[in-house]
Amino acid sequence: MSFLAKNYKRKNISFKYGKGSYLYSTNGKKYLDFVQGIAVNSLGHAHPKLVKAINRQSKKLWHVSNAFTIPEGEELAKKIAKKTFADYIMFQNSGAEATEASIKVARRYFYSIGKPKKNRILCIKNGSFHGRTIAAIFASGSKKMTEGFGPKVPGFDHINFRDSKPRFPNLRKKIKKNTAAIMVETILGEGGIKPLPDKCLKYLRKICNEKKILLILDEVQCGIGRSGDFFAFEQSKVKPDIVPIAKGIGGGFPIGAVLMNKKVASGMTPGTHGSTFGGNPMSMVIAGTVMDIIHKKSFLKNVKKNSSYFHGKLNDLKNEFPEIIKEIRGRGLLIGIQLYKEQSKFIKKLMDNQLLTIRASENVVRILPPLNVKKIEIDQALKIIKKVCSELK
Ligand SMILES: *Cc1c(COP(=O)(O)O)cnc(C)c1O
């Protein structure tokens, strides 16, 4: 019997080890892993450079308190600042911590400029996801996540996102005198792999400027090269004020962070936020190695090249099996196959054929290969997807 709490419905499969795009199960099978810990293992399993970095750092220093200066953290923050919009970075350990800390940064900014009542956060009502901690669940506000966890955390307002235009009907009306920020995922991940169109992001930025409120773009899932750009918002040229990141930045090691511009950072004075584990030397060195690899020349170019090949071929399959595949969604290597047929059966069949994928809302099969996936591995996955489509036809 299992002594683990039953908050997960787990599949009856376990793995001994992983290498690159593959996982090797305890019952001796080899799986093509296109889940990668849900966009976490951005460089696949056991990347030699990460193994080396971990080994080297594990002999030096794992953890010291943030009461002291941590050079490894200084270095990573500098690396991130040089490559992104961010002026300042605050390290955490997970996505939910990063989104909650982003809310703290936004509120504290308005407090620091003498507007303490300006503290409400406007989020997307249906299909948004910002983590499972108590404020984060009420930020997305879905019944499924919040049921039984009341009292409701106050301070969040909600707006619908539509796939058709206008995408945010009545947005201006939803922004009240006390609204501090709009917080949205650049690409809705759990909600069904739905990118906010560039025009939509630009519109959000415009309204935020007009109303003098902050734009928080949650890139926990879609960031760190996943979309083909380092951040998914980059192609829109929109500049957010605050960006929580996590998942892919650690390459499999738990780390989160809040990226912010100078303006909002001014509220975060000593003592306003902290994290015992956040910014530990071990995670800093590992994430620094991930950063170096992703920023190597041609790395993101390859993500774009491979992903556009993948999307193209998946759309071919959609045309071949129009009664099974409704839509191919997403950007870069954050891909959703929206099905007409039941998603769990499809995922199970893919797994029986040694391809691992994971669900998302709206009957979507989510595909998250490592960013350094090889074309031959994409072809292997396509072959399995095609086979399953034929079987279900
Ligand atoms: C996964 C995710 C989170 C939460 O991250 P955890 O590390 O599970 O706390 C927050 N926002 C988005 C967009 C995510 O995909």
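Numbers here are sequence positions counted from 1. For ligands, and for the atoms within them, numbers begin at 1 and follow the listed sequence. Here the structure is a predicted model, which means the values were calculated and not measured.
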**Student:** Identify, by atom number and element, the atoms of ligand 1 in contact range of A96, meaning under 4.0 Å from any of its heavy atoms.
**Tutor:**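 In order of number, 4 (C), 5 (O), 6 (P), 9 (O).
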**Student:** Counting heavy atoms only, name the option from E190, K247, E219, Q92 that's nearest to atom 2 (C) of ligand 1.
**Tutor:** K247
**Student:** Under 4.0 Å from a heavy atom of H130: give me the atoms of ligand 1 that qualify, with their elements.
**Tutor:** 10 (C), 11 (N)
**Student:** Could you tell me which atoms of ligand 1, counted from 1 in the order shown, lie closer than 4.0 angstrom to a heavy atom of G95?
**Tutor:**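 The list of qualifying atoms is 4 (C), 5 (O), 6 (P), 7 (O), 9 (O).
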**Student:** Can you sort out which atoms of ligand 1 are near E185, meaning under 4.0 Å from one of its heavy atoms?
**Tutor:** 13 (C)
**Student:** Test of understanding: with side-chain contact (heavy atoms from CB on, under 4.5 Å), list the residues that count as partners of I54, not counting sequence neighbours.
**Tutor:** M282, I286
**Student:** Where the side chain of E185 meets the backbone of D218, is there a donor-acceptor pair that is under 3.5 Å apart?
**Tutor:**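 Absent.
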**Student:** Does ligand 1 have a heavy atom under 4.0 Å from the side chain of A246, from its backbone, from both, or from neither?
**Tutor:** neither
**Student:** Counting only heavy atoms on the protein side, is anything nearer than 4.0 Å to atom 8 (O) of ligand 1?
**Tutor:**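 It does not; no protein heavy atom is within 4.0 Å.
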**Student:** Backbone N or O of L215 within a donor-acceptor pair of the D241 side chain at under 3.5 Å?
**Tutor:**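 Answer holds: yes.
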**Student:** A cation-pi test, strictly: NZ or CZ of R107 under 6.0 Å from the centre of the six-membered ring of F156 and no more than 45 degrees from its axis. Yes or no?
**Tutor:** yes
**Student:** So if I count the atoms of ligand 1 from 1 in the order they appear, which ones are less than 4.0 Å from some heavy atom of D218?
**Tutor:**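 Numbered from 1, ligand 1 contributes 10 (C), 11 (N), 12 (C), 13 (C).
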**Student:** Would you call the rings of F233 and F85 parallel, tilted or perpendicular if under 30° counts as parallel and over 60° as perpendicular?
**Tutor:** perpendicular
**Student:** Apply side chain to side chain donor-acceptor pair (under 3.5 Å) to residues Q92 and H273 and explain how you reach the verdict.
**Tutor:** CA-CA 10 Å; Q92 315 287 308; H273 190 62; 3.1 Å; yes
